[in-house]
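Heads up: the structure comes next, in structure tokens.
Atoms considered below: every heavy atom in the structure, side chains included; atoms not considered: hydrogens, waters and symmetry mates. These figures come from a predicted structure and were not determined experimentally. In each ligand, atom 1 is the first atom listed, and ligand 1 is the first ligand listed. In this chain, residues are counted from 1 in sequence order.
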Amino acid sequence: MVNHLAIIMDGNGRWAEKRGLGRSEGHRAGAKQISTVVDAARKAGIKYLTVYAFSTENWKRPIAEVTALMELIREFSESKLEDMMKNNIRLRTIGRTDDLPLPARKSLLKSIEATAGNTGFTLNIALSYGGRAELVDAVNKLLKERKSSAAVTEEEFRQYLYAPDIPDPDLMIRTGGEMRISNFLLWELSYAELYVTDTLWPDFDEAALNKALESFAGRDRRFGGLNKKK
Ligand code: IPE
Ligand code: IPE
Ligand code: MG
């Protein structure tokens, strides 16, 4: 069973280019797809979904594209609030979200606060997120807050990450076909099963998700131990 699914939502730009549209149109179609996949994930019994929406490296993109993405983030958190309340979904974010423009930050905060008590499903959006930034932020927080100089354990270190209460992902899906992590969840993915599909994110639907979940069901997760299936 997949309890926590993580997704690198890649391929919006290629999806748009194939249709002769601007990249921002691809991002708009991609933002829509998040709701489709949230519904499909809930149906499949998944409890946590972390989606990579904007990386620390994505700030390098042209200003017009970054602006369009920030506006989509604002729109998404605002327009989905009612749905999230109705469906008992809690919204969270991870990343250096202080770097986002104020309108996006405000509407995210409003939805995060309003949905904080929801218990059915957690949608966690990685925004201005980098795996290395998360580890460095954790170390700096630890240096600031920790009184003791005793050796740090993995369990204690984890408490300084962005979302220590969210269990590690069981499965990580990347759409758009690239075989790389692109600075996503470096700590948390250590034993996640990986699934890469050529399907571009705006085309990734319930059937595509179920195919990935079937692949996961056939995996033998050994966590460094010995085969349990035989
Ligand atoms: C993923 O789609 C969304 C973000 C990185 C914000 P891309 O914009 O990377 O799409 P491709 O990879 O160029 O097709
Ligand atoms: C990864 O996609 C980041 C997100 C999906 C938000 P990129 O398109 O930025 O990754 P690279 O540049 O192909 O590694
Ligand atoms: Mg890409």
How many angstroms lie between [atom1] in [X] and [atom2] in [Y], if you round to the nearest 0.5 Å?
X: Arg74; Y: Ser111; atom1: CZ; atom2: OG; result: 11.0 Å
X: Leu5; Y: Ile173; atom1: CG; atom2: CD1; result: 4.5 Å
X: Leu135; Y: Leu186; atom1: CG; atom2: CG; result: 6.0 Å
X: Asp137; Y: Glu134; atom1: CG; atom2: CD; result: 8.0 Å
X: Arg221; Y: Leu171; atom1: CZ; atom2: CG; result: 8.5 Å

**Request:** Just need the protein heavy atom nearest to atom 10 (O) of ligand 1, so name the residue and atom and give the distance.
**Result:**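 So the nearest neighbour among protein heavy atoms is Gly13 N, 2.9 Å.
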**Message:** Below the 3.5 angstrom mark, is there an N/O of Ala53, backbone or side chain, next to an N/O of ligand 1?
**Reply:**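 Checking ligand 1 against Ala53, no N or O pair falls under 3.5 Å apart.
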**Message:** Below 3.5 Å, N or O to N or O, backbone or side chain included: is there any such pair between Arg23 and ligand 1?
**Reply:**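 Min N/O separation from ligand 1 is below 3.5 Å for Arg23.
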**Message:** Using a 4.0 Å cut-off to any heavy atom of Arg14, which atoms of ligand 1 qualify?
**Reply:**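 What qualifies from ligand 1 is 11 (P), 12 (O), 14 (O).
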**Request:** Please could you name the atoms of ligand 1 that Arg61 approaches to less than 4.0 Å, counting only its heavy atoms?
**Result:**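 With Arg61 as reference, the close atoms of ligand 1 come out as 5 (C), 7 (P), 8 (O), 9 (O).
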**Item:** Set of residues satisfying side-chain contact (heavy atoms from CB on, under 4.5 Å) with respect to Tyr191, sequence neighbours excluded
**Value:**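 If we apply the side-chain contact (heavy atoms from CB on, under 4.5 Å) test to Tyr191, skipping adjacent residues, the hits are Phe223.
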**Request:** Could you list the residues that satisfy side-chain contact (heavy atoms from CB on, under 4.5 Å) with Lys141, not counting sequence neighbours?
**Result:**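 Partners of Lys141 by the side-chain contact (heavy atoms from CB on, under 4.5 Å) criterion, ordered by chain and then number, come out as Glu145, Tyr160.
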**Message:** Between Asp168 and Arg158 (salt bridge meaning N to carboxylate O under 4.0 Å), is one present in this structure?
**Reply:**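 So Asp168 pairs with Arg158 through a salt bridge.
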**Asked** Quick one: which of Glu65, Met9, Lys18, Glu57 has a heavy atom closest to atom 3 (C) of ligand 1?
**Response**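 Heavy atom nearest to atom 3 (C) of ligand 1 belongs to Met9.
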**Prompt:** Counting only heavy atoms, which portion of Asn58 has something under 4.0 Å from ligand 1: side chain, backbone, both, or neither?
**Reply:**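 Asn58 to ligand 1: side-chain contact only, backbone stays beyond 4.0 Å.
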**Request:** For ligand 1, note which part of His27 has a heavy atom under 4.0 Å away: side chain, backbone, both or neither.
**Result:**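 It is the side chain that touches ligand 1; the backbone stays farther off.
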Please output the side-chain donor-acceptor pairs of residues 21-30 that fall under 3.5 Å, not counting sequence neighbours, one pair per line with the distance.
{"unit_1": "Arg23", "atom_1": "NE", "unit_2": "Glu65", "atom_2": "OE1", "d": "2.9"}
{"unit_1": "Arg23", "atom_1": "NE", "unit_2": "Glu65", "atom_2": "OE2", "d": "3.3"}
{"unit_1": "Arg23", "atom_1": "NH1", "unit_2": "Glu17", "atom_2": "OE2", "d": "3.3"}
{"unit_1": "Arg23", "atom_1": "NH2", "unit_2": "Glu65", "atom_2": "OE2", "d": "3.4"}
{"unit_1": "His27", "atom_1": "ND1", "unit_2": "Asn12", "atom_2": "ND2", "d": "3.1"}
{"unit_1": "His27", "atom_1": "NE2", "unit_2": "Glu65", "atom_2": "OE2", "d": "2.8"}
{"unit_1": "Arg28", "atom_1": "NH1", "unit_2": "Glu75", "atom_2": "OE1", "d": "3.3"}

**Asked** Is Glu178 atom CD crowded by more than 12 heavy atoms from other residues, nucleotides or ligands, each under 6.0 Å away?
**Response**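 Counting neighbours around CD of Glu178, more than 12 heavy atoms of other residues, nucleotides or ligands fall under 6.0 Å, so yes.
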**Item:** Enclosure of Leu143 CG (heavy-atom neighbours >12, cutoff 6.0 Å)
**Value:**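 Correct, the count exceeds 12.
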**Request:** For Glu178 and ligand 1, answer yes if some heavy atom of the residue is under 4.0 Å from a ligand atom, otherwise no.
**Result:**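 Outside the 4.0 Å threshold, so no.
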**Request:** For Gly176 and ligand 1, answer yes if some heavy atom of the residue is under 4.0 Å from a ligand atom, otherwise no.
**Result:**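 No, Gly176 has no heavy atom closer than 4.0 Å to ligand 1.
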Identify, by atom number and element, the atoms of ligand 2 in contact range of [X], meaning under 4.0 Å from any of its heavy atoms.
X: Ile8; answer: 1 (C), 5 (C)
X: Arg180; answer: 11 (P), 13 (O), 14 (O)
X: Phe54; answer: 6 (C)
X: Asp10; answer: 2 (O), 8 (O)
X: Arg174; answer: 2 (O), 10 (O), 11 (P), 13 (O), 14 (O)

**Request:** Going by the side chain to side chain contact (heavy atoms under 4.5 Å, CB included) test, name the single residue among Asn183, Leu127, Ile94 that passes it with Tyr52.
**Result:**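 Of Asn183, Leu127, Ile94, side chain to side chain contact (heavy atoms under 4.5 Å, CB included) with Tyr52 is met by Asn183 alone.
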**Prompt:** Under 3.5 Å between some N or O of ligand 2 and some N or O of Ser182?
**Reply:**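 Between Ser182 and ligand 2 (N or O atoms, distance only) the closest approach is under 3.5 Å.
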**Asked** Can you find a side-chain donor-acceptor pair between Thr122 and Arg90 that sits under 3.5 Å?
**Response**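 On atom types as modelled, these side chains qualify, holding a pair under 3.5 Å.
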**Asked** How are the rings of Tyr129 and Phe184 set relative to one another: parallel (under 30°), tilted (30 to 60°) or perpendicular (over 60°)?
**Response**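 Taking Phe184 first and then Tyr129, their aromatic rings stand perpendicular (interplane angle over 60°).
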**Asked** Is Lys60 in contact with ligand 2, taking contact as a heavy-atom separation below 4.0 Å?
**Response**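 So Lys60 does not count as touching ligand 2.
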**Request:** With 2.8 Å as the limit, jot down which protein N, O or S atoms are around the Mg ion (ligand 3).
**Result:**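 Near the Mg ion (ligand 3), below 2.8 Å, one finds Asp10 OD1.
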